[in-house]
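Chain A is the first sequence line, chain B the second, and so forth, proteins listed ahead of strands; every chain is numbered from 1. Excluded from the calculations below are hydrogen atoms, water molecules and symmetry mates; all remaining heavy atoms, backbone and side chain alike, are included.
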Amino acid sequence: MRPRTDAPRLPRDFFDRDVHAVARDLLGAHVSHAGVTVRITEVEAYGGVGDPGAHAFRGRTPRNAVLFERPGSLYVYFTYGMHFCSNLVAGPHGQGAAVLLRGAEVVDGEDLARVRRDAPGKPPVPARDLARGPARLAVSLGLSRPHNGLDTVAPDCPVRVAGRHADPDVPVRTGPRVGVTGPGGDGDSYPWRYWLEGEPTVSAYRPGVLRTRRTQP
DNA sequence: CTCCAGATATACT
DNA sequence: GTATATCTGGAGC
């Protein structure tokens, strides 16, 4: 499938809506950066202050400050000591809500994505795994710390978000978020994960796990 | 498929 | 000071 280069960049109004509406509509959208374009197949909604799974749960901190910037801003954070994940800020300005980009299909610039994803001396990554998973997606697009805070609705922004899910024959499915431990202790009570049915690039579901202590051996 | 170690910025006590 | 994290790749079933 050839990416539509004529699709308009999504405007501020698109992101300035309920975060769940934004999440659903981002499915099928194209995100382009540094020579690679992906088509989003899986996302998660994070509700801002008060959502126990969200980085904004306890309010604004230096790390999550971008979540409280204008909708359409790109929130890239570092986690697990080695991975970057990317979100698009959604909802009213200052609410702290965002949509995590969890899975995508590389539709252009696959060679470049492969340079970023393939490890030297190891078998090549299967095409469907290039951007399957939030950290893999960020690697394929070449997103990391310097891109945190970019305003993707600006015409000159190097990160371009365009198009949206428009195929009524492909249903949107929902389920619990990945890696989030809910208030009850096990699992996430919010079905705020959205994906396109039948897509091979949707990441495998892994329930949130409480890690066992492993300090002093 | 499931289990598990890895490496470190961040936020909380 | 210390527990945790919007995860991944490799090992073993």
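Rounded to whole Å, the distance from CZ on R63(A) to P on dC12(B) is 11 Å. Rounding to whole angstrom units, OH of residue Y77(A) and P of dT10(B) are separated by 13 Å. Computed from coordinates, the D118(A) CG to dT8(C) C1' distance equals 15 Å when rounded to whole Å. Taking atom CG on L101(A) and atom P on dC7(C), their separation rounds to 13 Å, with Å as the unit. Remark: P of dC1(B) and CG of D129(A) are 11 Å apart, rounded to the nearest angstrom. In this structure, the CZ atom of R177(A) is 13 Å from the P atom of dA5(C), given to the nearest Å. The separation between L137(A) atom CG and dC7(C) atom C1' is 13 Å, rounded to whole Å. Rounded to an integer number of Å, the gap from R58(A) CZ to dA3(C) C1' is 11 Å.
Residue-level contact check: A119(A) touches neither bases nor backbone, having no heavy atom under 4.0 Å from any strand. No engagement by R193(A) is indicated, since no non-hydrogen atom pair under 4.0 Å with the nucleic acid exists.
Here salt bridge (Lys or Arg N to Asp or Glu O under 4.0 Å) pairs that include residues 194-204 of chain A, with residues two or more places apart or in two chains, are R39(A)-E199(A), R173(A)-E197(A). Note on residues 111-149 of chain A: pairs passing ring pair (Phe, Tyr, Trp, His ring centres under 6.0 Å), not counting sequence neighbours, are H33(A)-H147(A).
Residue Y80(A) and nucleotide dA5(C) are classified as a stacked aromatic pair, their ring centres being separated by less than 5.5 Å at an interplanar angle below 30°.
Heavy-atom distances under 4.0 Å link DNA chain C to Y46(A) of residues 40-50 of chain A, given in residue order. Across residues 82-96 of chain A, H83(A), C85(A), N87(A) each have a non-hydrogen atom less than 4.0 Å from an atom of DNA chain C (numbered order).
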Report, one pair per line, the protein and nucleotides 2-4 of chain B atoms (nitrogen or oxygen only) whose separation is under 3.5 Å.
none

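With hydrogens and angles left out, the side-chain atoms of E42(A) and S203(A) include a donor and acceptor closer than 3.5 Å.
Scored by the side-chain contact (heavy atoms from CB on, under 4.5 Å) test, R12(A) finds R70(A), P71(A), D151(A), V153(A) as partners (sequence neighbours excluded). Here P92(A) pairs with D16(A), Q95(A) under the side-chain contact (heavy atoms from CB on, under 4.5 Å) rule; sequence neighbours left out. With sequence neighbours excluded, no residue forms a salt bridge (Lys or Arg N to Asp or Glu O under 4.0 Å) with R63(A). Applying the salt bridge (Lys or Arg N to Asp or Glu O under 4.0 Å) criterion to R17(A), with sequence neighbours excluded, gives D25(A). Under the rule for a salt bridge (Lys or Arg N to Asp or Glu O under 4.0 Å), the partners of D118(A) that lie at least two apart in sequence or sit in another chain are R114(A).
Between R132(A) and the phosphate of dT8(C), there is no side-chain N or O to OP1/OP2 separation shorter than 4.0 Å. The shortest distance between the side-chain N/O atoms of T61(A) and the OP1/OP2 oxygens of dA11(B) is below 4.0 Å.
Stem analysis of DNA chain B (at least three stacked-register Watson-Crick or G-U pairs, each with both distances under 3.5 Å) gives B:1-6 with C:7-12, B:8-12 with C:1-5.
The nearest pair of heavy atoms linking L74(A) to S86(A) is CD1-CB, 4.3 Å. Here the closest heavy-atom approach between residue A104(A) and residue T201(A) is recorded as O-CB, 3.4 Å. Counting all heavy atoms, side chain and backbone alike, Y46(A) lies closest to L100(A) at CE1-CB, 3.9 Å.
Listed nucleotides: dA9(B), dG9(C), dC7(C). Nearest to the side chain of V178(A): dC7(C). Here the nucleotide nearest the side chain of K122(A), chosen from dA11(B), dT10(B), dG10(C), is dG10(C).
One N or O on the side chain of T152(A) and one on the backbone of G72(A) form a donor-acceptor pair closer than 3.5 Å.
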Return all side-chain donor-acceptor pairs below 3.5 angstrom for residues 122-138 of chain A, not counting sequence neighbours, or 'none' if the list is empty.
from	atom 1	to	atom 2	distance (Å)
R132(A)	NE	V202(A)	O	3.0
R136(A)	NH1	R132(A)	O	2.7

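Note on V36(A): it does not cluster hydrophobically with V139(A), by side-chain heavy-atom contacts below 4.5 Å among ILVMFWY residues.
Using a 4.0 Å cut-off between charged nitrogen and carboxylate oxygen, D51(A) and R177(A) count as a salt-bridge pair.
Two residues, A204(A) and F78(A), neighbour DNA chain B, and the one matched to the more 5' nucleotide by heavy-atom proximity is A204(A).
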